[in-house]
Amino acid sequence: MKAVRLYAAGDLRVEDIAPPPALGAGEVRIMVSAAGICGSDLHNFRTGAWISRSPSVAGHEFAGVIAALGEGVAGFAVGDAVVADSRVTCGVCAACRGGRSNVCEKLGFVGEVCDGGFAEEVVLPASLIVKAPAEVDAAVLAMAEPLAVALHAVKRLAVPKGSPVLIAGCGPIGGLAALLLSERHDGPVLVADRNADRAARVAEVTGARIVDLTAEAVGDALVDQPLLAVLDATGHPGVIGTLLDIVSPSGMLALVGIGHGSLAVDPVRLVEREIALVGCHAFINELPEAVALMPALEKRLLALVDETIDLDGVPAAYERLLAGRSTGLKTIIRPVTLLGSP
Ligand SMILES: [Zn+2]
Ligand SMILES: [Zn+2]
């Protein structure tokens, strides 16, 4: 079968490989219908930071159809539409036992610690799949995992009722957070991104207002309201520094972006203004909730798709995305081109 494997930093290959071996107990074989390219896939390709085995079929955001069930798998049937949970957790550390599996001591991700979804087929333990509504476009279902990440971040952010919220970065997580907030929050949603096309797309789909990332521009948009909730989805230390200046006293800055470089911050700025700085990592139990939102969000999620490609197009898509050349949020891979599909 065809698959996209990461060998080392900068070394991504489209190859013909043997299909996954026979199923073990508790495993399922999935024909991948659609997969999304994530910022963390690009980060791993650029830096090799999370390479724990080589080569590894990349991809942790995907949806598919069950092709076969291993022994003892209950609750699923061949032909079921499913989405994959990206997290591989140990289940026994203090975090896992305490219901915080997203910060498991041994947390790993599908595509890194085991083969992922940038392939025609993948085998996963049944514990890592969630049943999905078959009538929803697979490209949309492939966005369930990042939607769960955005849901977790939005929950951590806990925007006060009626209060404005600012999201920096209109990539997948920032854009999906804007979509969720436009649905469930009753205050103004502001978004900022240096890529004007991407910001425009997010604003159009979510109704969020675009602002420049300066204290003056954000102040004008807020009129007289304090800005108590800010989400950084860029991971860029320079942007985070600016956001710490923009957030109002007693406000919260939640960080969900994965970037690089270190942050120079005067702790007195946080103390005197009582700023809460909160990290948001992956998700805990939000994936089924994200899947349940899919039918209602389908049209708007489709409007956020950047390009649809096949497996051969993945290396070029990585280059394009790393160069910042995207107008949409999510590049979708269709491993098997079915007749009549877009
Ligand atoms: Zn992801
Ligand atoms: Zn654990």
Side-chain angles (χ1 to χ4, degrees), residues 4 6 12 32 34-47 49-52 56-64 83-119 122 124-125 127-130 138-154 169-177 179-180 231 233-235 255-259 279-287 290-291 294 301 304-306 314 317-318 321-322 326 328-333:
V4 181
L6 185 64
L12 186 74
V32 181
I37 298 177
C38 177
S40 65
D41 295 322
L42 303 175
H43 182 81
N44 203 27
F45 168 74
R46 201 175 56 78
T47 65
W50 301 312
I51 293 177
S52 57
S56 186
V57 177
H60 59 268
E61 301 179 2
F62 54 95
V83 301
D85 190 330
S86 55
R87 306 159 311 136
V88 180
T89 58
C90 79
V92 295
C93 73
C96 281
R97 283 185 283 117
R100 291 170 287 109
S101 55
N102 62 324
V103 290
C104 167
E105 282 171 17
K106 298 203 171 122
L107 184 66
F109 286 89
V110 171
E112 290 156 16
V113 299
C114 62
D115 281 338
F118 292 177
V122 60
L124 284 181
S127 57
L128 286 187
I129 56 173
V130 173
V140 170
L141 295 181
M143 285 190 255
E145 194 270 359
L147 190 67
V149 176
L151 251 178
H152 181 70
V154 164
C170 289
I173 302 302
L176 293 175
L179 179 60
L180 288 167
L231 181 67
T234 72
L255 308 177
V256 69
I258 301 277
C280 311
H281 191 223
F283 51 93
I284 304 174
N285 49 12
E286 287 92 351
L287 187 60
V291 171
M294 297 267 118
L301 288 169
L304 293 173
V305 171
D306 182 26
V314 174
Y318 271 42
L321 294 169
L322 278 168
S326 60
L329 264 68
K330 194 48 94 179
T331 297
I332 295 290
I333 303 161

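Counting starts at 1 for both ligands and their atoms, in listed order. A quick note: this is a predicted structure, and the numbers were derived from the prediction, not measured.
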Metal proximity, Glu61 vs the Zn ion (ligand 1), N/O/S cut-off 2.8 Å: yes

For residues Gly328 and Asp306, report the shortest heavy-atom separation together with the two atoms involved. N-OD1, 3.2 Å

For the metal site, I want the angle between atom SG of Cys104 and atom SG of Cys96 with the Zn ion (ligand 2) at the apex, to 10°. 100°

Given the Zn ion (ligand 2) as the apex, I'd like the angle to SG of Cys93 and SG of Cys90, rounded to 10 degrees. 110°

Could you check if a side-chain atom of Glu286 sits within less than 4.5 angstrom of a side-chain atom of Leu147, using non-hydrogen atoms only? no

Got Asn44 and Phe109 here, is their nearest side-chain heavy-atom distance under 4.5 Å? no

May I ask you to decide if Phe283's main-chain N or O and Arg87's side chain share a donor-acceptor pair within less than 3.5 Å? yes

